[in-house]
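Some notes on the structure that comes next.
All ligand and atom numbering here is 1-based and tracks the order in the structure.
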Amino acid sequence: MQVSIVGSGYVGTTIAACFADLGHEVVNIDIDEDIVETINSGTPPIHEDGLPELVGKHAGQDGTGRLRATTDYDSIFATDATFLCLPTPQADDGSIDLSVMETGATQLGKTLEATEDWHTVVVKSTVIPGTTEDVITPILEEESEKTAGEHFGVGMNPEFLREGTAVHDFLNPDKIVLGADDDRALADMHDIFEPLVTKSDAPVVEPDTRTAEMIKYANNSFLAAKVSLINDIGNICKEYGIDAYEVADAIGLDDRISEQFLRSGVGWGGSCFGKDVAAISAAAREREYDPAMLRAAVEVNDRQPNRLLSLMDDHVDVSGERVAVLGLAFKPGTDDIRNSRAIPVIEGLQERNADIVAYDPVAAENMRERYPNISYASNPAAVLDGAAAALIVTDWEEITELDAEFDAMTTPVVIDGRRAIDRRDGIVYEGLTW
Ligand code: UGA
């Protein structure tokens with residue numbers, strides 16, 4: 001089929017390249033000319049495993065020609081469906097800011113006005129239940145002077161891709177959610193996903209659009225709360241001197257719990273869990289429902305970096321001392337520092353007047369933009385040399401492999417927020433929950 005993707009961020013670029021790989025003709029629309037040029041030269045504009053191969057295979061001079069990028073909305077004329085993959089940034093009150101989505105829908109509606117052909121618009125961005133039906137569809141109708149369900153279709157297809165493994169996740173989904181309020185939109189989405197369904201054998205769920213929107217929030221809320229629950233349990237384990245990982249291994253054998261997302265430690269970060277939990281909580285409160293479990297999930301998550309710092313305080317006063325922060329990305333495999341647990345850790349160290357030296361294999365430059373006044377080293381041995389304490393925030397392989405390097409510390413106090421290294425003689429080791 002012919003598919004347009006509006007937006008070339010993590011989601012838009014990934015699904016554009018993956019749809020092309022499934023055999024569709026894909027046009028990726030973005031207002032940024034540099035991004036468009038980059039894709040058209042056969043290179044992805046973002047860092048994501050497997051994406052350079054796919055973009056190189058389908059875009060650029062030597063590509064199959066199934067993927068191209070443009071700034072021109074009129075390109076959607078030649079396509080059967082458009083996916084809206086635009087950002088929904090967090091507003092100050094925790095709710096999502098829909099202005100970019102509204103602008104995209106306005107532009108798309110104007111384009112739809114000029115075509116007689118049926119076209120299906122699919123919202124891919126994470127939006128509060130009712131947004132597709134009550135915000136996006138009315139804009140499309142007003143701008144196109146057409147009626148949804150009659151002249152064009154509207155669907156909602158949430159994504160469950162993880163940063164760092166997005167291509168793999170797209171091609172191996174646990175489920176495909178095709179939310180639609182009319183049969184023709186649903187049929188179009190079925191046709192687009194048919195090659196993936198055949199290839200992956202993934203179950204297809206077909207709710208209405210507002211249920212599809214809620215599925216995304218429920219998915220992320222559940223995962224965030226699961227990590228916070230194991231962190232809560234882990235904190236109790238620590239008080240008893242019990243290893244939370246041994247406990248997690250055992251409870252993970254229960255199918256109802258499952259072994260995934262049971263790694264306790266310094267907590268969750270990233271652009272999604274915090275933002276999504278905040279947005280659905282704000283929406284619930286607007287309807288006068290207090291989401292107590294989600295509130296607690298955030299509270300526990302906020303607590304973990306402070307527990308890491310207070311374990312350090314139990315062993316060493318870091319005022320004026322060199323302290324190593326190992327890992328800055330919100331998880332291994334990405335340069336993304338959004339909502340990384342390294343941020344409250346750095347701030348806590350600044351309050352303690354520590355001389356902070358940080359290491360991350362790829363995220364240091366991003367953190368330097370936020371904290372230009374702390375030091376960064378290009379290898380973990382250099383940050384540990386002469387440090388009075390080391391705090392492990394991200395379990396990169398380079399960090400889990402450290403051992404003799406800790407011997408170069410002045411006082412080898414190692415506080416591990418990710419169970420990255422083993423306890424051993426010669427270092428004062430504290431695991432956050434073990
Ligand atoms: C998350 C979801 O997993 C995706 O399904 C979803 O599509 C995405 O958000 C999104 O909404 O866009 P992502 O933010 O890339 O994906 O990261 P995850 O791999 O889920 O990890 C989130 C955080 O939880 C990380 O900071 C990680 O270190 C932490 N975590 C995860 C733990 O602390 N313990 C665990 O056991 C698992």
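Checked against a 3.5 angstrom limit, the closest N/O atoms of Phe273 and ligand 1 fall outside it.
For Phe261, there are no ring pair (Phe, Tyr, Trp, His ring centres under 6.0 Å) partners, not counting sequence neighbours.
Taking a cutoff of 4.0 Å between a charged side-chain nitrogen and a carboxylate oxygen, Glu213 and Arg210 do not qualify as a salt bridge. Between Arg423 and Asp416, no side-chain nitrogen of the basic residue sits less than 4.0 Å from a carboxylate oxygen of the acidic one, so the salt-bridge criterion is not met. Taking a cutoff of 4.0 Å between a charged side-chain nitrogen and a carboxylate oxygen, Arg303 and Glu299 qualify as a salt bridge. The pair Glu159-Lys216 meets the salt-bridge criterion, since a charged nitrogen lies less than 4.0 angstrom from a carboxylate oxygen.
For Gly265, the heavy-atom gap to ligand 1 stays at 4.0 angstrom or more. Under a 4.0 Å heavy-atom criterion, Lys216 is in contact with ligand 1. Heavy-atom separations between Cys272 and ligand 1 include at least one value shorter than 4.0 Å.
Protein heavy atom closest to atom 5 (O) of ligand 1, with residue, atom name and distance, is Phe160 O, 3.0 Å. Atom 30 (N) of ligand 1 has Val227 CG2, 4.1 Å as its closest protein atom, hydrogens excluded (heavy atom only). If you check which protein heavy atom lies closest to atom 3 (O) of ligand 1, you get Arg162 CG, 3.4 Å. Taking atom 34 (N) of ligand 1 as the reference point, the nearest protein heavy-atom neighbour is Arg263 O, 3.0 Å.
Among Phe261, Trp268, Phe330, the residue whose heavy atom lies nearest to atom 37 (C) of ligand 1 is Phe261. Comparing Arg338, Lys331, Gln304, Arg341 by heavy-atom distance to atom 13 (P) of ligand 1, the nearest is Lys331. Between Asp395, Leu161, Thr165, Leu262, it is Leu161 that holds the heavy atom closest to atom 4 (C) of ligand 1.
Per-residue contacts place Arg418 under 4.0 angstrom from the following atoms of ligand 1 (heavy atoms of the residue considered): 28 (O), 33 (O). Close approach to Glu163 involves these atoms of ligand 1, each under 4.0 Å from a residue heavy atom: 15 (O).
Expressed to the nearest 0.5 Å, how far CG of Asp30 lies from SG of Cys85 amounts to 10.5 Å.
Phe19 and Phe193 have their aromatic ring centers within a separation under 6.0 angstrom.
The one candidate from Thr137, Thr132, Thr209 that meets the side-chain hydrogen bond (donor to acceptor under 3.5 Å, both in side chains) condition with Asp181 is Thr209.
Contacts of Tyr10 with ligand 1, taken as heavy-atom pairs under 4.0 Å, are absent altogether.
Of the possible polar contacts, one joining the Thr13 side chain to the Gly9 backbone as a donor-acceptor pair under 3.5 Å is found.
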